[in-house]
Amino acid sequence: MGSRRWELCAPNPALERELSSQLGLVPLVARVMAARGVASVDEARAFLTPSLVRDWCDPLLVPGMADAAGRIERAVRTGQTVAIFGDFDVDGMSATALLTLGLRELGAEVHPYIPHRFGEGYGLSREALGRVIEGCDPDLVVTVDNGIAAREEVAWLVGQGVDVVVTDHHEPAELVPEGVPVTDPKLADDCPSRELAGAGVALKLLQELGRRLGAPDLWRSYTEVATLGTVSDMMLLSGENRALVADGISRMREAARPGIVALAATARVDVTTITSDQLPFSLVPRLNAAGRMGTTDVAFELLLTDDLERAQQLAARLEQVNSERREIEAQLTEEAMAKVDSSFDGGRVVVVSGEGWHEGVKGIVASRMTNRYHVPAIVFSISDGIARGSGRSVGSVDLFRAVEQCSDLLVRFGGHAGAVGVTCDVANLDAFRVRLGEVMAELPDSQFEDRGEVCALVDLAEMTVPNIEALETLQPFGQGNKKPLLGVRGVSMRNRARVGSDGSHLRFVATDGMSSVPAIMFRAPDIERANDCDAAVDLVFEPVAETWQGRTKPKLMVKDILYRDEPEPAREGEAGVAEELFSHASEVLSRDEFAGIAEAQGFVTKLMGVSFAGRQELVRGLVTATAQAGVARELCRLLSIDERDVVVDASVRDNLRVRDCRELRDRDSALVSVVATGMKTVVYVNSREQSVSLARMLRKAVPELARRIAFYNAGLTRADRGRVEDAFRAGELKCIVSTSAFGEGVNLPDIRNVMLYHMPFGSIEFNQMSGRAGRDGQDACVWLLFGGRDARINERILAASAPERSELVTLYRVLRELADGQAAATGLRLTNADLAQEALLRHPASQLDERAVSCGISVFRELGFLSTDGYGSARRITMAQSPSHVQLDRSIRYLEGLRLRDEFQAFRDWALSSSPQELLDRINRPITPGFGDVVDG
């Protein structure tokens, strides 16, 4: 995609075809799977059919699981009081809920506890444990989603006569509890369950307990609860987790758990069709809000209750809590942003603090900071001289390691590369800010760049509702299997509009000329630039099938707009051919069509019997790709070639394909989209003016390639033509917009696209132009952009090249009248434009233009009615004194014009009515006579 922020997955076309054919997959789905590293049909089949039966490992493979289950089994069998101690995030609450409910079904006396975020803090604090002991006087405390680093707290609890079982999923360090059962998949590097969340570990424990206590399938009733914890903790959705979440989503859709049903209703999500990628934007933030706002009991009770009416009450309360959280978050974000905006100097880190800022939303505000400033951010709340901060990182910056280098200024810190918690004295806050900034300044720029994965480049034509819905077969989506982002190159943004209450969103229609898809980008950065952009862009987007008023349509949820408006810098030694051509384009347009004849050292003509002072050699051998039978026989006669010596190559050019865009409404966008790929392209038009104006349009629409887009027509000098051809051959030019002048005598093997913007004037020209593509045998494409409107333009051009008899009579009268008013020896020194104007003044109904005048003078010269010498404005016309009777059918030029008109009419009807295959059959093989020795290849 050309951006360092986005990495395009490597395609694997062979595997894509195999997956599509063997598994019946939509090609787009197969492309995404192959790009994401699926290596075989068997692996793909397993991925598409996640199964707990197949993928869920034996719980006893988790280190310490047997001892943990054994101690809890004894508590259940002997009627001991068990306290489950969790955490205030969604993973901790869901782990606590499923183990509490499961143990109760197994007959245990269970009391769940979630620590208070404000006052007790995370994990086994003395304050929280005191509340547990006071509340139920437990014989056994079982931790879930915490405890792996609580050696001192566990030892204290054991000293109080309470047994402890630790279950966790975090990385163990030096403080692993001793003398008690500890189960954590990360205790062993080779444990197959290392990616489980705390809820996943709790589910494993429940499975083993059920097996020991006569309820082996009990754990399957809680997969939807474990799914909440797994998704909220952003665990890798592969292997066990993928199977767990797939099963959990299936159970959620059964609407059997009142708390989830009620919560989904308040979030306005249809629980019967819910998907894993909806959870982080619906259920999870509402559950998390309780922890952030210090009301975890509401969320936790919601997970436990089996009463729908109570669940609805709790869900409503939770919705209120979430609304309060949003308000506090918005207020704190505004206040923090204002502080940063007034002082931020463009450094590598943002550190901002405020007295009494809400503890529960600091992390969210820090994330908002990173989105705005694209650097790591830490937001501190100050209370009683202590600053407690939450930080978020960007790109690949390891924020934990950076903070670690400031540890002498801190009371404590923790976290990981992407997020940290920091506590320090207020007196050290400024010093910490400076030190952290110095640490960040040492890091390379590349670490601050956010990187994302684009699974595949697509055509907009692929963005159909069936294709988009087929991507849902890759569910469940989540960490490690996110909803695929796709890319499209060289599209235009039509009908752009700023929308939203503050105008921060951009709505538009993405089009490549052939297909158009509605698109929207929320919170578009630099929205003024986006809204004013007429040039081609690349888009990174998530495709969705959006239903509105009963109709489902494709839509692009745009994640990034990649602009292409920075011109490529000139390479060393490049002459800038395109720039020079455009600097004298007006001169090129006005240059006489035959002015270059005097410059030529030699050339090829299609007309036999013409001599140019020995500069054209008669050849006895002949190679042509357009030899119809009559022409071929005449050439054989003229060159004394026996028809038996003619060799006909009947091979088919299988590397060519046709893109049928006839009658396209927005062909300019299609043209821009193809040229923007940077592949070598020739665009054929039917006039010099069009070659220049269309090249200008492309240079504006694809600014980064402006230096590599040029025009080519008969108005160029021989030297300029040669320079353009050489630059195109060398790759300095990527696109040439040309009349039919480009091609004769030019052999360029690596042209990937030939675009027929206007309709050719006949079948031979059609074949010759199209045949420029892919002469190296590599894949190439012929784009048919013409339509009926071009046929009418061509008819007018041909009419001017072969005027009607009445128009020729008008021209002759004008010439005669002008000549009679001057001395015979002087002659007429008028240009074609002058004569057309005189015709209009003297005969207001005249349709003569410059081209028709030029043709008429050629016909009259051929018939002996006049003679000319010189070219352009220096031309002199001398009228014959006693011309013979006008017999136009004696003029080869006139008859040729009539023939061309008739031939074009036949070609026009064929070109507009034929199928794409019929057109391809004409393009991918030569026009051959019906005689000769036929060979294949």
Side-chain angles (χ1 to χ4, degrees), residues 1-8 449-461 463 485-496 506-517 519-521 524-541 556 558-571 574 576-579 582 666-683 693-711 727-728 731-737 752-753 755 757 781 783:
M1 302 292 297
S3 168
R4 297 180 65 187
R5 296 173 57 193
W6 297 102
E7 296 177 356
L8 180 62
E449 294 171 345
D450 289 323
R451 295 177 181 270
E453 175 187 87
V454 176
C455 290
L457 293 179
V458 298
D459 293 329
L460 287 179
M463 293 299 98
L485 294 182
L486 305 176
V488 63
R489 303 194 67 178
V491 299
S492 300
M493 299 188 294
R494 300 287 191 235
N495 304 330
R496 299 180 301 275
L506 183 71
R507 184 181 63 203
F508 60 95
V509 174
T511 181
D512 59 9
M514 295 156 283
S515 300
S516 298
V517 185
I520 191 165
M521 184 176 192
D526 200 358
I527 193 167
E528 292 83 4
R529 178 187 186 189
N531 196 44
D532 293 340
C533 180
D534 290 320
V537 298
D538 300 339
L539 301 178
V540 178
F541 63 92
L556 311 184
V558 177
K559 306 301 180 184
D560 200 1
I561 300 172
L562 305 179
Y563 299 94
R564 311 179 63 140
D565 53 4
E566 291 295 329
E568 270 189 349
R571 297 178 185 174
E574 276 189 355
V577 175
E579 306 302 321
F582 279 99
D666 189 6
R667 60 178 169 181
D668 283 357
S669 290
L671 185 62
V672 167
S673 181
V674 174
V675 171
T677 65
M679 292 189 289
K680 198 169 283 189
T681 299
V682 177
V683 183
S693 65
L694 204 61
R696 279 199 173 111
M697 182 277 288
L698 287 171
R699 284 159 61 89
K700 181 179 179 182
V702 195
E704 69 172 358
L705 295 179
R707 296 178 56 84
R708 303 185 179 279
I709 298 172
F711 62 85
F728 199 38
E732 296 171 14
L733 293 177
K734 294 295 186 181
C735 175
I736 290 179
V737 184
R752 301 272 66 87
N753 295 292
M755 308 194 75
Y757 187 86
C781 189
W783 298 76

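Atom set for the values below is all heavy atoms of this structure, side chains included, hydrogens, waters and symmetry mates excluded.
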Exercise for the section: Drop me the distance from R707's CZ to L733's CG, to the nearest 0.5 angstrom. Expected result: 10.0 Å
Practice task
Determine whether more than 12 heavy atoms belonging to other residues, nucleotides or ligands lie under 6.0 Å from atom CZ of R507.
Solution key: no
Handout entry: Under 3.5 Å donor-acceptor, K680 side chain and F728 backbone
Key = yes
Exercise for the section: Verify side chain to side chain contact (heavy atoms under 4.5 Å, CB included) between D560 and D538, making sure each step is shown before the conclusion. Expected result: CA-CA 8 Å; D560 200 1; D538 300 339; over 6 Å; no
Problem - Heavy-atom side-chain contact between I709 and F582 under 4.5 Å - result: no
Handout entry: R667 (side chain) donor-acceptor with Y757 (main chain) under 3.5 angstrom
Key = yes
Practice task
Would you check if L705 and C735 make a side-chain contact, meaning some heavy-atom pair closer than 4.5 Å?
Solution key: no
Problem - Shortest non-hydrogen separation from F541 to V558 and the atoms involved - result: CB-CA, 4.0 Å
Practice task
Check the pair V672, L698 against side chain to side chain contact (heavy atoms under 4.5 Å, CB included), reporting the backbone distance first and the verdict last.
Solution key: CA-CA 6 Å; V672 167; L698 287 171; 4.0 Å; yes
Fill in the blank from the handout: Correct closest heavy-atom pair for R708 and E732 would be NH1-O, 2.8 Å
Problem - Derivation and outcome, side chain to side chain contact (heavy atoms under 4.5 Å, CB included), residues V488 and D512 - result: CA-CA 9 Å; V488 63; D512 59 9; 5.7 Å; no
Exercise for the section: State, with a plain yes or no, whether a side-chain heavy atom of I561 is found less than 4.5 Å away from one of M493. Expected result: yes
Problem - Side-chain touch V675/N753, heavy atoms, less than 4.5 angstrom - result: no
Fill in the blank from the handout: Between the CG atom in L562 and the CG atom in L539, the distance rounded to the nearest 0.5 Å is 7.5 Å
Practice task
For K559, look at atom NZ and say whether over 12 heavy atoms of other residues, nucleotides or ligands are found less than 6.0 Å away.
Solution key: yes
Exercise for the section: List the steps and the verdict of side chain to side chain donor-acceptor pair (under 3.5 Å) for R752 and T677. Expected result: CA-CA 11 Å; R752 301 272 66 87; T677 65; over 6 Å; no
Problem - Heavy-atom side-chain contact between L671 and M697 under 4.5 Å - result: yes
Problem - Side chain proximity check, E704 to V702, heavy atoms < 4.5 angstrom - result: yes
Practice task
Mind running side chain to side chain contact (heavy atoms under 4.5 Å, CB included) on V491 and V537 for me, showing each step along the way?
Solution key: CA-CA 5 Å; V491 299; V537 298; 4.1 Å; yes
Practice task
Would you name the heavy atoms of G731 and K734 that are closest together and state the gap between them?
Solution key: O-CE, 3.7 Å
Problem - Basic-acidic side-chain contact under 4.0 Å: R5, D450 - result: no
Completion exercise
For M514 and W783 the tightest heavy-atom approach is SD-CZ3, 3.4 Å
Handout entry: Non-hydrogen atoms of T511 and S516 that approach each other most closely
Key = OG1-OG, 3.0 Å
Practice task
Work out which heavy atom in A578 is nearest to a heavy atom in A706; give both atom names and the distance.
Solution key: CB-O, 4.4 Å
Problem - Side-chain heavy-atom pair L556, L486 within 4.5 angstrom cut-off - result: no
Handout entry: Expected output: side-chain R564 to main-chain A676 donor-acceptor under 3.5 Å
Key = yes
Practice task
Give a yes or no answer on whether the side chain of R496 reaches the backbone of N531 with a donor-acceptor pair at less than 3.5 Å.
Solution key: yes
Practice task
Can you measure from CZ (R494) to CG (D534) and round to the nearest 0.5 angstrom?
Solution key: 7.5 Å
